[in-house]
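Data first, discussion second: the structure below is written as C-alpha cells.
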Amino acid sequence: MGDEIRRNMALFPIGIVMKLTDLTARQIRYYEQHELIVPARTAGNQRLFSFNDVERLLEIKSLIEKGVNIAGIKQVMNPLNMESEEATVMSEQSEVKRRELSDAQLHRLLKQQLLEKRPGKASMIQGQLSRFYNKH
DNA sequence: CTTCTCACA
DNA sequence: TGTGAGGA
C-alpha cells in the first residue's frame, strides 16, 4: 500500500491525539465541527485519527497560536476532505507539495512527544516540533 | 477507565 | 474553551 493511504489510515483515539498535539479533547472536537479535520469513526462512534489528521491538528495549533481564527485557518489550509481513496489519489500531487516532513521525521517527533508526555517537564510541541509548523 | 454529546452557574 | 451530566 502507498504512503498516502498509510497516512490516512484511522489509527488512534482522541486520548493519544491529545498527548501528541497537546490540544484538549474540547479543542479537537471543536475543530472537527468546523471541518478542519474529518476523523473516521468506529462502529461505536469513537473517533479514530490518522497521521494526516494529527499533522493537520499541529498546523491548526500553530496557526491558532499565531492569532489566526477558525475562518482564517479554513482559508489558509486547503478545504480538503480526503476520505475516499480516489480523493486521496487525486490530491496526491498537492499533498506532496504541502508536505514538508518526511515519514521518518514525523514518526520520530511524534514518538518522542508521546514518551515525553509524562507529568513534570514541558512538552516539546512548544519547541522543536512546533518550529516545523510555525515556519509555514 | 476512555470517549461521546449536549448544555451552561 | 472549560466543565459537568448522563450514557455507551
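Residue numbering restarts at 1 for every chain, and letters A, B, ... go by the order of the sequence lines.
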Using purine N1 to pyrimidine N3 plus N6-O4 or O6-N4 for Watson-Crick, or N1-O2 and O6-N3 for G-U wobble, each under 3.5 Å, what pairs with B:dA9?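 Looking at the geometry, B:dA9 pairs with no nucleotide.
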With both distances under 3.5 Å as the test, what is the Watson-Crick or G-U wobble partner of B:dT2? C:dA8
I want to confirm an ordering. Mapping A:Gln46 and A:Ala25 to their closest nucleotides on DNA chain C, which one lands closer to the 5' end?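 Residue closer to the 5' terminus by nearest nucleotide: A:Ala25.
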[N] phosphate, OP1 or OP2, under 4.0 Å from [X] side-chain N/O:
X	N	answer
A:Tyr30	B:dC6	no
A:Arg26	C:dT3	no
A:Arg41	B:dT5	yes

Measuring from atom CD1 of A:Ile37 to atom OG of A:Ser50, what distance do you get when rounded to the nearest 0.5 angstrom? 9.0 Å
Under the side chain to side chain contact (heavy atoms under 4.5 Å, CB included) rule, what do A:Ile28 and A:Met18 come out as? Steps first, then yes or no, please. CA-CA 8 Å; A:Ile28 296 172; A:Met18 289 173 69; 3.8 Å; yes
NA contact type, A:Gly15, heavy-atom cut-off 4.0 Å: base, sugar-phosphate, or nothing? sugar-phosphate
Could you check whether A:Arg47 gets within reach of a base, just the sugar-phosphate, or nothing at all, counting any heavy atom under 4.0 Å?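 Counting heavy atoms under 4.0 Å across all strands, the contact made by A:Arg47 is with sugar-phosphate only.
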Taking [atom1] from [X] and [atom2] from [N], how many angstroms apart are they, rounded to a whole number?
X	N	atom1	atom2	value
A:Ile28	B:dT5	CD1	P	13 Å
A:Glu32	B:dT5	CD	C1'	12 Å
A:Ile64	C:dT1	CD1	P	5 Å
A:Phe12	B:dT2	CZ	P	18 Å
A:Met18	B:dT2	CE	P	10 Å
A:Asn45	B:dT5	CG	C1'	9 Å
A:Ile14	B:dT2	CD1	P	13 Å

Between A:His107 and A:Phe51, how do the two ring planes meet: parallel, tilted or perpendicular, split at 30° and 60°? tilted
Between A:Leu110 and A:Leu20, which heavy-atom pair has the shortest distance, and what is it?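 Distance-wise, the nearest heavy atoms are O-CD1, 3.6 Å.
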A:Thr24 has its side chain closest, among C:dT1, B:dT5, C:dG2, to C:dG2
Which nucleotide in the list C:dG2, B:dC4, C:dT1 gets nearest to the side chain of A:Gln27?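 Of C:dG2, B:dC4, C:dT1, C:dT1 is nearest to the side chain of A:Gln27.
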Look only at the side chain of A:Arg56 and the backbone of A:Leu36, and say whether a donor-acceptor pair between them is shorter than 3.5 Å.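 Answer holds: yes.
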